[in-house]
Amino acid sequence: MNSRATQTMVNNLETIDRARRVTAAEQYDIGTRFPSVIVKAQGSWMEDVEGRRILDVTAASGALLLGNRHPAVVEAITRCIAEHGTVFASTISLPRIELAERLCERYPAGEKAVFNKSGSEATTAAIRMARAASGRDIIVTSGYHGWYDWHLNYLSIGFDPGTRIACYGYNETALRRLLHEFAGEIAAVIVTPEPAWFDEEYYRRVSQLCAEYGVYFIIDEVITGFRWGHRGLNGTGQVPADAITLSKGLGNGHSISSVVGRREILDAYDKAGVAGTYTREVPPMAAALAVLDVTEDGSVHEHTQRMGTALRDGMRGILADVGIPAFVSGPPMMFDVVVPSEQLSWDIYRAAFDHGAYFEDSGTHMVTAAYGQAEVDHALEAFEKGAREVAKTTSFDFDALPEWRMRQFAAEAFGGALEDDEAALRRIDETVHAIANRDRSLARALDPSCG
């Protein structure tokens, strides 16, 4: 850090104001974050500009699997740069070939693998290749796949004629209807697993439906690929897929993502026009190979799941003890905590932050392999103090979390339509009608004078 930066970084709030003037987005960078500017991290502990030590309970939004500055990853990166370099004129490198081979061995979907820099890039590349390989244009989707234009309308069942994207809201009635009506025009179904809400059997049914209708099935395992068990959902061997996307955890914080899948899809790479100078950057591939080496025998995941289980069960017990109704569910390495309101969730985690733990205010919590019992104990202590402080000024008319709150959270967090109620059935009908009339709808959007 240069001397100018050191002199001006007086405290967190002043530094945030400095960022606000030149770079920070008011909501994304400030409004939805706790007031801390981090200067360094080791394992899952962070230090801010005031020298305050804070435990990360988000795994850097899932990017970290092993924790910051893991020795094997640091060594792999520094050796790669020192001995080989960073990026070459050729797009093919030995680390790329080895990493592709390793991922194809790791995941049942894998026959070939290509690489990008982020999860958003990987999912976008996946649907472009699926369209190119199938010769069809409609994509049916559920869940969040990134911030690109094609996926801005993911929070409700519907169809966008401009992007040719139909969202089905995890609703199986909607998916069956769309496949029945339009299978010959659908390039792929892509879904992000929400393991706290839908079990493995749900995704197996989706996979089987796609197979029955001859439609590619893509699992967006950007997060779950290294957190739903040792090898992700597809890695269980029980949920077949034509392709999967991977990113968070793959490079342990270094920018890399991958599409792993059937040869016929990935061989459409050229036809789909997928490209990118920095897809060839080799140090992140070296980091990913180190991650695969460290996690190969399963002991890292066994430890991390044990720590995650202790944290998840401890948080559930604390909420019950202080009298806050909650839904706590999901695999140990990425579980959800839902409380009666979004504001209450924020208040609890904001209070916990004051006691030295940085939780994800949306309620999805992730640990790293750097967690030990001391980290779990610290997180639970901070969470309990925060929950008790908030509970003192809050009362509830119910003992258990109501079903309406569960439905509300699912709808707002990932576009889940959990029931075939009147509103969902109406949206399904509207979506079918919109797809059937998509050419006319698109013409009207481009030229309002069209009838």
Side-chain angles (χ1 to χ4, degrees), residues 41 60-107 109-133 145-148 218 220-223 225-226 232 243-296:
S61 295
L64 293 170
L65 180 65
L66 305 177
N68 264 295
R69 293 196 274 177
H70 187 279
V73 177
V74 171
E75 181 185 1
I77 287 281
T78 53
R79 188 188 329 117
C80 180
I81 295 171
E83 298 180 5
H84 301 285
T86 56
V87 65
F88 311 134
S90 171
T91 60
I92 300 174
S93 64
L94 291 177
R96 171 180 168 174
I97 296 169
E98 182 180 352
L99 182 55
E101 290 171 341
R102 298 275 298 270
L103 292 177
C104 288
E105 291 170 1
R106 180 182 175 94
Y107 296 99
E111 293 179 351
K112 294 186 78 170
V114 294
F115 299 97
N116 303 98
K117 302 304 292 178
S118 70
S120 295
E121 287 185 53
T123 55
T124 301
I127 68 164
R128 284 180 63 170
M129 287 188 288
R131 281 171 164 161
H145 309 305
W147 62 272
Y148 288 4
I218 303 170
D220 179 359
E221 297 223 57
V222 162
I223 297 179
F226 289 85
I244 63 172
T245 58
L246 302 166
S247 184
K248 296 188 177 187
L250 176 59
N252 195 50
H254 295 275
S255 181
I256 186 170
S257 62
S258 181
V259 183
V260 181
R262 290 174 56 184
R263 190 174 304 278
E264 67 184 74
I265 296 177
L266 273 73
D267 278 346
Y269 193 89
D270 290 328
K271 185 178 180 182
V274 179
T277 300
Y278 289 98
T279 61
R280 69 188 78 173
E281 188 180 10
V282 289
M285 295 177 184
L289 288 168
V291 168
L292 294 181
D293 287 342
V294 170
T295 61
E296 181 63 31

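As the structure is a prediction and not an experimental result, all values here were calculated from the model.
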Side chain of [X], backbone of [Y]: donor and acceptor closer than 3.5 Å?
X	Y	value
Lys117	Ser255	yes
Tyr107	Gly232	no
Arg280	Val87	no
Asn252	Gly67	yes
Arg96	Val282	no
Thr279	Asn116	no

If you measure from [atom1] on [X] to [atom2] on [Y], what distance do you get to the nearest 0.5 Å?
X	Y	atom1	atom2	value
Ser118	Tyr148	OG	OH	4.5 Å
Asp267	Met129	CG	CE	10.0 Å
Phe226	Leu66	CZ	CG	9.5 Å
Glu101	Arg106	CD	CZ	16.0 Å
Ile77	Thr86	CD1	OG1	11.0 Å
Ile256	Glu121	CD1	CD	11.0 Å

Thr245: partners by side chain to side chain donor-acceptor pair (under 3.5 Å), with sequence neighbours left out: Asp220

What are the two closest non-hydrogen atoms of [X] and [Y], and how far apart are they?
X	Y	value
Leu250	Ser258	CD2-CB, 4.4 Å
Cys80	Ala286	CB-CB, 3.9 Å
Ser257	Ala122	OG-CB, 3.6 Å
Gly146	Ser120	CA-OG, 3.1 Å
Ile218	Ala126	CD1-O, 4.1 Å
Glu111	Cys104	C-SG, 3.5 Å

Residues forming a side chain to side chain contact (heavy atoms under 4.5 Å, CB included) with Glu264, sequence neighbours excluded: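 Only Tyr216, Arg262 meet the side chain to side chain contact (heavy atoms under 4.5 Å, CB included) criterion with Glu264.
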
Measuring only between side-chain heavy atoms, which start at C-beta, is [X] closer than 4.5 Å to [Y]?
X	Y	result
Lys248	Ser61	yes
Val291	Val73	yes
Ile127	Arg131	yes

Leu246 and its side-chain contact (heavy atoms from CB on, under 4.5 Å) partner, picked from Val259, Val222, Leu103, Ile223: Leu103

Can you check side chain to side chain contact (heavy atoms under 4.5 Å, CB included) on Ile97 and Met285, steps first, answer last? CA-CA 10 Å; Ile97 296 169; Met285 295 177 184; over 6 Å; no

Ion pair check, Glu75 and Arg79, cut-off under 4.0 Å: yes

